[in-house]
Amino acid sequence: MKLGELLPCGGGDTIVLTQPKLLVGRRSHCDICLRFSNVSSHHCELEFKDGYWHIRDLGSANGVKVNGSRIESKCVMPGDEIMIAKHAFNIRYDVAADAAAPEEEDPFALSLMEKAGLEVSRPNRSAKPADRPRSKSTRRNSATDDFLMEWLTED
């Protein structure tokens, strides 16, 4: 059963999408094995649902982009360019006539830092200081460093 295909930009063998859920990564047990050092062991997942392909980054080091924008999860349309690490593919598939259009994603749901993959997870600001797990005390270079670290972790 052929659900679509990935065509490498710049040439190469076409990758046929044969299952509704495919694991993409560097390891040989992945459904789509990309043997490049910049591709993570389990880089991303492609899933065919409601007549459309969706791609989800699995916490890869070098990320996933759709049409040049870094994503965590996104519905990909036929002809979109998918970049897995630095490897670009065009996705080709037919949308069924009875498939409902995918919901429009909110462009403001993520900050620019999150879209760029630069957002650092923050501690829960609503928790009281006593409720937070205590981190191991580390020695700072100066009193200024101590002041700044305290200021950054204040509620």
Side-chain angles (χ1 to χ4, degrees), residues 1-127 131-133 135-136 138 148-149 151-155:
M1 179 167 92
K2 181 178 169 183
L3 298 172
E5 57 191 14
L6 295 176
L7 292 96
C9 298
D13 294 334
T14 298
I15 299 168
V16 178
L17 306 175
T18 58
Q19 300 172 29
K21 198 169 198 175
L22 298 163
L23 176 63
V24 180
R26 190 177 66 241
R27 298 286 178 224
S28 60
H29 65 267
C30 292
D31 300 308
I32 299 174
C33 182
L34 301 176
R35 295 177 194 242
F36 301 103
S37 61
N38 61 350
V39 173
S40 296
S41 298
H42 296 150
H43 200 96
C44 63
E45 180 181 77
L46 284 164
E47 185 174 8
F48 191 72
K49 56 184 179 184
D50 301 324
Y52 294 90
W53 278 102
H54 299 258
I55 190 165
R56 182 171 60 98
D57 191 342
L58 298 175
S60 64
N62 292 310
V64 175
K65 292 182 180 180
V66 174
N67 298 326
S69 296
R70 189 162 180 163
I71 57 95
E72 292 297 317
S73 180
K74 183 163 180 58
C75 176
V76 289
M77 302 303 287
D80 280 352
E81 182 185 77
I82 297 171
M83 285 197 68
I84 299 169
K86 299 285 183 189
H87 309 281
F89 301 88
N90 280 317
I91 188 165
R92 303 275 183 217
Y93 67 97
D94 295 322
V95 176
D98 62 343
E103 288 186 26
E104 190 70 27
E105 295 176 6
D106 181 2
F108 301 108
L110 296 175
S111 71
L112 291 176
M113 295 294 281
E114 289 171 315
K115 286 181 183 178
L118 301 173
E119 184 73 22
V120 177
S121 62
R122 297 182 186 137
N124 182 359
R125 300 257 184 229
S126 62
D131 295 344
R132 292 186 190 154
S135 60
K136 191 174 178 181
T138 56
L148 289 173
M149 290 307 295
W151 179 77
L152 288 171
T153 57
E154 285 181 358
D155 288 332

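Going from atom CZ of Arg26 over to atom OG of Ser40 covers 7.0 Å, rounded to the nearest 0.5 Å. Atoms OG and CG, from Ser41 and Leu58 in turn, are 11.0 Å apart once rounded to the nearest 0.5 Å. Once rounded to the nearest 0.5 Å, the distance linking CG of Leu34 with NE2 of His43 reads 8.5 Å. Note that CE of Met83 and SG of Cys44 are 12.0 Å apart. Values are rounded to the nearest 0.5 Å. With rounding to the nearest 0.5 Å, the separation of CD in Glu72 from CG in Asp57 is 5.5 Å.
Take Arg92 and apply the salt bridge (Lys or Arg N to Asp or Glu O under 4.0 Å) test, not counting sequence neighbours, and it matches no residue. In this structure His42 satisfies the ring-ring contact (aromatic ring centres under 6.0 Å, His included) test together with His29, sequence neighbours excluded.
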Could you walk me through whether Val64 and Val24 pass the side-chain contact (heavy atoms from CB on, under 4.5 Å) test, one step at a time? CA-CA 11 Å; Val64 175; Val24 180; over 6 Å; no
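Counting heavy atoms from C-beta on, the side chains of Leu46 and Leu6 come closer than 4.5 Å. Between Leu17 and Ile91 there is a side-chain heavy-atom pair separated by less than 4.5 Å. By the 4.5 Å heavy-atom criterion applied to side chains, Gln19 and Asp31 are counted as neighbours.
Evaluation of the salt bridge (Lys or Arg N to Asp or Glu O under 4.0 Å) test over residues 4-19, restricted to residues two or more places apart or in two chains, returns Lys2-Glu5. Annotation: ring pair (Phe, Tyr, Trp, His ring centres under 6.0 Å) contacts involving residues 5-28, sequence neighbours excluded, are absent. Screening residues 45-55 for side-chain hydrogen bond (donor to acceptor under 3.5 Å, both in side chains) gives Glu45-Arg56 as the qualifying pairs, with residues at least two apart or on separate chains.
Here the closest non-hydrogen pair linking Leu3 and Tyr93 is O-CB, 3.4 Å.
A donor-acceptor distance shorter than 3.5 angstrom exists from the side chain of Asn62 to the backbone of Asn38, with no hydrogens or angles considered.
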Only distances under 3.5 Å count here; give the side-chain donor-acceptor pairs of residues 75-82 to other protein atoms, sequence neighbours excluded, each with its distance to 0.1 Å.
residue, atom, partner, partner atom, Å
Asp80, OD1, Asn67, ND2, 3.0
Asp80, OD2, Met77, N, 2.8

